[in-house]
Amino acid sequence: MEDETTTTITSSDLFALDVPQGATFGIALAASRSAEQAVGREAALVALANAVADPEGHVADPSFGALASQLVAERAQAERAFVPRTEPAPWKSWCVEADDGALSQMENAMRLPSAVRGALMPDAHRGYGLPIGGVLATEGTVVPYAVGVDIACRMKLTVLDIDPKSLRGSRERYEKTLLRETAFGTGVVLNAKDRLDHEVLDADRWNELPLLRSLREKATGQLGTSGSGNHFVEFGELTLRQPDLGLDAGTYLAVMSHSGSRGPGAMIASHFTKLARAAHPDLPDELSHLAWLDLDTDDGRAYWHAMELMGEFASASHWVIHERIRKALGSKVLAGVENHHNYAWKEVHDGREVVVHRKGATPAGEGVLGVIPGSMASPAFIVRGRGSEASLRSASHGAGRVMSRTAAKERFTWKQVRPVLEAANVTLLSAGIDENPGVYKDIHEVMAQQADLVDVVARFDPRIVRMADAGERPED
């Protein structure tokens, strides 16, 4: 039994002052009784009441500092506690055959407190946190996993002043160019003699964060290289049925690439995702990959800075790839198109500024050009956005997978795939079997499903394709 005499502070006194139950209660009782011995009961209770009312102002108090610190920590934790929206944010789907995983991930994303709106593109399939092909608009927050592990993964197409007929008559020349001028793989770096300088490596922005400083050397070696998985560089024929892109109608030789921010981007994504998850430990398991950073915090601002730098780095990397190829062929650039599809943008929708995460989705604002690829044996399309507000001005980033990599490796053999490539007049230099055309949706059906989102400007048919060798760990 506790001593209930008037000379000793009791649990009832703490209850009267609304001291929280649990570990905090024990700390408060011990501190109060110790203070009572020094200053008396009434003074101790007054000091306790002050510490409970204003813990931030009493963390240095010799008697109640430990209690005040505990209260500050508990209140900060309570503020971070996950409280879902009363009603899920609205979202719309353009995906005719979305898998259950992608649908549940979109539904979960719409429960986030800062979620405003969402959209699901026709190439959608299950990812981590937000599905691939998912678009999420939030207010005041950024979700690292809604951007993606491969930050700023992007497409680039360059039209060269070379007769496209040479792709058939001099195919060996182009095969050797791809093998010599491109490099693929998770840890691949270019030799110093093969590197091209780019101002992105000289940017002072690498010095603004310790993490970025530590990644600059890796970025220097990987600038101009491509990742694994579905990343590629390929030659093909670009066909315009009417004048556009500053070109006359006709068929042109073009080079197209798909890759992102490589090792630096993956490390940034991992670092800030851990910070986001630590900031929101109360998220249920199904939402743990959707942990967010508030943009008005140091961590939120740091992630945004790092993401933007990765966007510049990924764009520069594609420039290096295309420039090496252009120089090797002794050609000139006639036109070009490029776009991110793993990124976040600050945009105005519904009259307010929001953060639009496009994870495997192409920006499709009114008049905005983009590149939407199919597979190694099907066409890609240059598109111009129609500015659909319903889709948050977005479109698909490709055809979209219909099966996992594991399932693809179990189901397909190259003996099955080679006739498909031959029928499409495609020479494949390297790739994993899990990237064969059979693992992707029909790009024509995907384009039909988003006819209200984009207009087709031109068609690109691949002819010579290089991807990472089989056995490389995918990064997408």
Side-chain angles (χ1 to χ4, degrees), residues 1-86 111-115 138-144 208-211 213 270-306:
M1 294 288 292
E2 291 184 75
D3 184 354
E4 295 290 346
T5 67
T6 58
T7 58
T8 301
I9 293 175
T10 68
S11 298
S12 297
D13 296 314
L14 272 61
F15 286 134
L17 293 174
D18 293 326
V19 176
Q21 296 289 298
T24 302
F25 198 88
I27 294 172
L29 189 59
S32 299
R33 287 177 171 173
S34 177
E36 180 186 17
Q37 297 300 314
V39 299
R41 171 184 166 80
E42 296 305 322
L45 287 175
V46 170
L48 170 62
N50 290 336
V52 171
D54 179 25
E56 290 84 356
H58 290 79
V59 291
D61 187 286
S63 297
F64 293 97
L67 170 64
S69 296
Q70 176 73 9
L71 288 169
V72 169
E74 286 186 357
R75 292 179 184 181
Q77 177 64 34
E79 290 176 357
R80 295 195 301 265
F82 174 64
V83 179
R85 288 175 53 108
T86 305
R111 295 165 54 199
L112 295 180
S114 63
T138 61
E139 191 166 26
T141 68
V142 63
V143 182
E208 291 189 21
L209 299 172
L211 176 62
R213 284 197 296 271
S270 176
H271 173 79
F272 283 100
T273 295
K274 289 177 181 177
L275 292 180
R277 296 180 74 171
H280 301 285
D282 294 330
L283 283 176
D285 290 344
E286 68 272 18
L287 295 179
S288 61
H289 283 106
L290 289 170
W292 64 89
L293 297 169
D294 292 315
L295 287 177
D296 61 358
T297 64
D298 289 342
D299 287 341
R301 286 186 288 268
Y303 174 80
W304 197 267
H305 171 80

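Numbers for residues simply follow the sequence, beginning at 1.
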query = Got Pro20 and Leu71 here, is their nearest side-chain heavy-atom distance under 4.5 Å?
reply = yes
request  = Please confirm whether the backbone N or O of Asp285 pairs with a side-chain atom of Ser288, one donor and one acceptor, at under 3.5 Å?
outcome  = yes
note = Here the pair of heavy atoms bringing Asp54 nearest to His58 is O-ND1, 2.8 Å
inquiry  = Are the side chains of Leu283 and Leu290 in contact, using a 4.5 Å heavy-atom criterion?
reply    = no
ask   = Can you check whether Gly65's main-chain N or O pairs, donor with acceptor, with Ser69's side chain at less than 3.5 Å?
value = yes
message = Between Glu208 and Arg301, does any side-chain N to carboxylate O distance fall below 4.0 Å?
response = no
message = For Phe272 and Tyr303, take the angle between the two ring planes, folded into 0 to 90°, and tell me which bin it lands in: parallel under 30, tilted 30 to 60, perpendicular over 60.
response = perpendicular
note = Shortest non-hydrogen pair, Ser32 vs Ile9, comes out as O-CD1, 3.6 Å
Flag side-chain contact, heavy atom, 4.5 Å: Pro284 against Arg111 = yes
message = Is any side-chain heavy atom of Ser11 closer than 4.5 Å to one of Phe25?
response = yes
message = Please check this pair: side chain of Thr297 against backbone of Asp294, looking for a donor-acceptor N/O pair closer than 3.5 Å.
response = yes
ask   = With side chains defined as the heavy atoms from C-beta onward, is the minimum distance between Leu48 and Val52 less than 4.5 Å?
value = yes
Residue pair Leu293 / Pro144, side-chain heavy-atom distance below 4.5 Å = yes
Side-chain touch Phe15/Gln21, heavy atoms, less than 4.5 angstrom = yes
task = Quick one: closest heavy-atom pair of Glu36 and Ala44, and the distance?
result = N-CB, 3.7 Å
query = Yes or no on side-chain contact (heavy atoms from CB on, under 4.5 Å) for Thr138 and Trp292, after CA distance, side-chain angles and deciding distance?
reply = CA-CA 10 Å; Thr138 61; Trp292 64 89; over 6 Å; no
request  = Report yes if the side chains of Leu211 and Arg213 come closer than 4.5 Å at any heavy-atom pair, otherwise no.
outcome  = no
request  = Decide yes or no on side-chain contact (heavy atoms from CB on, under 4.5 Å) for Leu295 and Val142, but give the supporting numbers first.
outcome  = CA-CA 7 Å; Leu295 287 177; Val142 63; 3.8 Å; yes
ask   = Less than 4.0 Å between a side-chain N and a carboxylate O, is that true for Asp13 and Arg41?
value = yes
task = State, to 0.1 Å, how close Ala306 and Leu209 come at their nearest heavy-atom pair, and which atoms those are.
result = CB-CD1, 4.5 Å
key: Worked check of side-chain hydrogen bond (donor to acceptor under 3.5 Å, both in side chains) between Thr273 and Ser270   = CA-CA 5 Å; Thr273 295; Ser270 176; over 6 Å; no
